[in-house]
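Keep in mind that the numbers below use all heavy atoms, side chains included, and drop hydrogens, waters and symmetry copies. Only a predicted model underlies this, so the values are computations on that prediction, with no experimental measurement involved. In what follows, chains are A, B, ... by sequence order, proteins preceding strands, each numbered from 1.
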Amino acid sequence: MSDSIKPVIVGAGAPRPAGDSRPDEDLLAGLNPPQREAVTHRGPALLIVAGAGSGKTSVLTRRIASLLRTREAYPSQILAITFTNKAAGEMRERVRQLIGDSAQGMWISTFHSACVRILRREADQFGFTKSFTIYDSGDSRALVKRLVKEHEGDSFGFTPAAVQGRISKLKNELADAESYARQANMSDPAERVFVDIFADYQRALQKANAFDFDDLIAQTVYLFRAFPHVADVYRKRFRHVLVDEYQDTNHAQYALIHELTRPVVGKAGDAFSSGGMMIFEPDEAPEVEGASLTVVGDSDQSIYAFRGADIRNISEFERDFPGAKVVLLEQNYRSTQNILSAANAVIGHNFDRKDKKLWTDVGDGDPIIGFTGYSQHDEAQFVADEIEALHRKNVDYSQMAVFYRTNSQSRALEEIFIRSAVPYKIMGGTKFYDRAEIKDAMAYLIAVANPADEMAVRRILNKPRRGIGDVTETAIARYAASEGITFRDALANASALGVGVKVQKAIAELDAVLVEASEIMLPSSGEIPPSTSVTEGLRVLLNKSGYYDVLRMSKDPQDEARVENLDELVAVTREFARNNPDGTLLDFLTEVTLVSDADDLDDASGSVSLMTMHTAKGLEYDAVFVTGVEEDLIPHRISAGEPGGPQEERRLFYVALTRARKRLHLSLAMTRAQFGEVSAAMPSRFLQEIPHELIDWRQSPGDVNSRGGMQSRAINGRPGAGGSRFGGSGSNRYGDDLVPLPRREKSDALAKFTNRIPAKIRDNGDMELAAGDRIRHDDFGEGKVDMITGEGAKRVAHVRFDTAGPKKLLIKVAPITKL
DNA sequence: CTCTCCGGTCTTTTT
DNA sequence: GACCGGAGAG
């Protein structure tokens, strides 16, 4: 900042006393010199290169606290961007702990949430209304699907997923349908079709008064560029912009940051109202200098290239923001040296990176434990047993986590965990809000909140079944088009549609329910409804539409669970009302659409956490199990052929390893069932990259592969076996004892292990068991019950098996019989 | 219009 | 092994 201009709009404006004790001195306690620098440096731009576990969250929160404490900024002048809503909540809480409630008024949120806030305020500037809704990926895929069909895109080999991916990528590059069409090769018919689909997709969104995830960012950038006076409002407001996980920002997000931190060039005489104590040069000087930008990131942890993250954002930061200061945080405060050495060795195989080595002074710690199972269930059993062993050593379940590459891998783990009575919680996967009944209920709410959203109205048209089929739906659409009204409004005119009386009545009833709910949640009188109206409105929608009744009268046992899910959703609205006394229906919908998997993570729940390696980013646990460390899984088969794919996979693996504080377990299986069929699996190349002396194999791939079980050489037993030999698919990439199982008829071992788990969960009802009873278990054989704990459906038998040793079993579902 | 059955296609990771 | 779309019967 130059001396002549002091645009900082600090009310009291007391200059910081130079030299003696700083008002933020206590915030620096316990920080190492680079960390201090990261907290106290002031200037236009600061890049904090923060290795895994180097205390970056702490640094970031203290930096914010310091800005507030020294009165360099009001809370309202701070915009902090995090990767997930949960991280945002945590950061807010930690700042509050540091400086108390005066932290109110900061914007701490994800890119997406911040953009929604901006767009809601400014929507009417450019063809949307404040009540716009947000399409999640499922919604937008449904729309793309319809359009691909309409344009017969399948004859050009377009799948909805591919088209959706391409559109998303383009939007992340800030290309819209028009600009893309201008430079597209229009002599290619496939290209023309794609351009048409893209354009129609965008039109449909606009017509529905809706944005997809990518639009939230891109449209905000367009808004700022098209309406500089709007952008200026936010540029003047946010004097300090801080961005976490900067390595995972895409071009649109980068552009947004750029727009926000641009100086405001004011015209002379254009009075600036905020306090009016600004003094600046009359002519060329900007009215307000660009906001100070702080970004935190680690290029070794960039794992979102597939969704447009551009690593250059961080590698070229100094060029993009002249005068930037760079601070390196390399000391790790999380993991033991063994874990760090393994992680360093793995990431060292990426050739296009600045060398950087994490170090710690806490000591070597325990060795890394390795295990190779015959099947994924065998592997899962090892994980479950190991978790139990740790739990007996007083490691809390909530301090343990199991990671995998793909969501589908969670199933085998779940099956075994249920049987072994290991309390667990799955983050992500099929989410609550992805369930059909929940999406239906949400569509009802959206139909009320944003009647322009035709997709939502179409979705609920025949849910529950009310005899409105394809023919009627088309009739409604045609009528709406001919009258120039929306699909939703056409429902009010059932008699004009030329459909049967019965169907007319059904349509009129649906319309009435929507009107009634609308009156509750968005009164036409204009008065502001209490936040509890969402609960009430949802109840009316579900009850009077007949949705609840149909489920309750159904004989399908799954429908019982669906009712429970809907009850849960009603409970969510109640919770929302409690937390947001001023919350509106739209606020509720926005919040629900933008919550991510990691967000509902609850550390205090006393459960082991199961999640993908991606979801694990930013988290840490005392004990970590990385499972499925196999070729074709990590690195994933699909990524192997993509440019930069294997490197990104290696970073992902690195992220997984560095989540562990004290104990790290790596496991794999020699066979893996996917797509119903069993196939041989090979150990991941990344395992070779870990120095062999760091891994203590309980059962190495060699042990498992030699059917006699005589060999026990460790995977990296040969000296010098850790060379970088990735790339080729030659057969000697693995040690001699690492040849994958031959692909031939199932051996006894295979038959025994692959299908150990019945697809259906059994139910032992109220089997009576007491200490001293003897039981037989399908897999573990006979054993004696030591004691019974838990209540009802969660009763657990602690059994000492004659051969398999001690296990815990959930009595209700375990495959056991009393002897 | 609804239900059921069959066959084809999948699965990378997420705001 | 799950999910979707299409075909065909009621």
Side-chain angles (χ1 to χ4, degrees), chain A residues 81-88 109-116 134-138 140-142 145 149 154 159-162 164-165 168 171-172 211-218 245 248-250 252-253 302-309 403-412 427-431 433-434 436 461-462 464-473 499-500 502-503 506 590 592-599 611-617 628 632-642 645 648-649 651-653 655-656 672-678 755 757 759-760:
Chain A
I81 302 285
T82 58
F83 201 68
T84 63
N85 289 295
K86 168 152 196 288
S109 69
T110 61
F111 271 107
H112 296 268
S113 301
C115 287
V116 168
I134 302 160
Y135 276 24
D136 67 20
S137 10
S140 83
R141 184 157 64 252
K145 203 169 183 176
K149 210 168 172 180
D154 49 340
T159 64
Q164 185 187 20
S168 172
K171 288 186 175 183
N172 287 332
F211 295 101
D212 65 19
F213 278 143
D214 303 313
D215 276 343
L216 293 176
I217 317 288
E245 310 282 10
D248 284 323
T249 51
N250 60 36
Q253 291 165 335
S302 162
I303 55 174
Y304 284 100
F306 72 91
R307 77 175 205 216
F403 302 155
Y404 35 81
R405 175 69 235 269
T406 66
N407 281 304
S408 59
Q409 289 168 253
S410 69
R411 188 165 302 144
M427 332 305 314
T430 357
K431 284 172 282 180
Y433 292 101
D434 282 342
L461 204 52
N462 201 30
R465 308 235 141 83
R466 33 173 90 91
I468 305 177
D470 245 10
V471 182
T472 310
E473 191 175 327
V499 296
K502 233 177 161 170
V503 178
T590 304
V592 163
T593 311
L594 294 182
V595 289
S596 72
D597 299 338
D599 290 344
M611 68 191 85
T612 66
M613 298 182 191
H614 282 89
T615 306
K617 189 172 79 153
D632 289 350
L633 231 35
I634 175 85
H636 196 273
R637 178 181 327 156
I638 293 175
S639 72
E642 292 171 355
E648 172 143 326
E649 297 283 311
R651 288 193 294 269
L652 181 58
F653 189 59
V655 166
R672 191 159 291 272
Q674 45 186 354
F675 179 64
E677 299 220 319
V678 187
N755 240 351
I757 306 301
K760 229 171 100 184

Would you check, one step at a time, whether the test ring-ring contact (aromatic ring centres under 6.0 Å, His included) holds for A/H614 with A/F306? CA-CA 12 Å; A/H614 282 89; A/F306 72 91; 5.6 Å; yes
Would you tabulate the nitrogen or oxygen pairs shorter than 3.5 Å linking the protein to nucleotides 2-4 of chain C?
unit_1 : atom_1 : unit_2 : atom_2 : d
C/dC4  : O3'    : A/K145 : NZ     : 3.2

Atom pairs under 3.5 Å, N or O on each side, protein against nucleotides 3-7 of chain B: can you list them with distances?
unit_1 : atom_1 : unit_2 : atom_2 : d
B/dC3  : OP1    : A/R465 : NH1    : 3.3
B/dC3  : OP2    : A/R465 : NE     : 3.2
B/dC3  : OP2    : A/R465 : NH1    : 2.6
B/dC3  : OP2    : A/R465 : NH2    : 3.3

Are side-chain N/O atoms of A/Q164 and A/S137 paired as donor and acceptor at under 3.5 Å? no
Taking all heavy atoms of A/L594 and all of A/N85, pick out the closest pair and write down the distance. O-ND2, 2.8 Å
Under 4.0 angstrom, heavy atoms only, what part of the nucleic acid is A/S113 near: base, sugar-phosphate, or nothing? nothing
Among the nucleotides B/dC1, B/dT12, B/dT14, whichever has the atom closest to the side chain of A/R405 is B/dT12
In the structure I gave you, are the side-chain heavy atoms of A/E245 and A/T82 within less than 4.5 Å of one another anywhere? no
What contact category does A/Y304 fall into here, base, sugar-phosphate, or nothing, at under 4.0 angstrom with non-hydrogen atoms? sugar-phosphate
Please confirm whether any donor atom in the side chain of A/H112 sits under 3.5 Å from an acceptor in the base of B/dT15, or the reverse. yes
Think A/T615 has a side-chain N or O under 4.0 angstrom from the OP1 or OP2 of B/dT14? yes
Using a 4.0 Å heavy-atom cut-off across all strands, classify A/I468 as base, sugar-phosphate, or nothing. sugar-phosphate
With a 4.5 Å cut-off on side-chain heavy atoms, are A/V655 and A/M613 touching? no
Passing candidate, side-chain hydrogen bond (donor to acceptor under 3.5 Å, both in side chains) with A/K617, options A/T84, A/D248, A/T612: A/D248
Does A/T612 make a side-chain N or O approach to OP1 or OP2 of B/dT14 shorter than 4.0 Å? yes
Earlier contact from the 5' end, DNA chain B, for A/V503 and A/T159: A/V503
Nucleotide B/dT14, atom P - distance to CG of A/D212 in whole Å: 18 Å
Set of residues satisfying side chain to side chain donor-acceptor pair (under 3.5 Å) with respect to A/Y304, sequence neighbours excluded: none
Give a yes or no on whether a salt bridge exists between A/K171 and A/D212, defined as a side-chain N under 4.0 angstrom from a carboxylate O. yes
Is there a side-chain polar atom (N or O) of A/N462 under 4.0 Å from OP1 or OP2 of B/dT2? yes
Distance in angstrom units between A/D632 CG and B/dT12 P, rounded: 12 Å
Judged by each residue's nearest nucleotide on DNA chain B, which is more toward the 5′ side, A/G467 or A/E649? A/G467
So what does A/K617 touch, heavy atoms closer than 4.0 Å: a base, only the sugar-phosphate, or nothing? nothing
Is the backbone N or O of A/I468 less than 3.5 Å from a side-chain atom of A/E473, with the two atoms forming a donor-acceptor pair by type? no
At under 4.0 Å, does any side-chain N or O of A/N407 touch on OP1 or OP2 of B/dT14? yes
Nearest-Å distance, CZ (A/F211) to P (B/dT15)? 20 Å
Looking only at atom types and distance, does a side-chain atom of A/E648 sit under 3.5 Å from a main-chain N or O of A/A305, one as donor and one as acceptor? yes
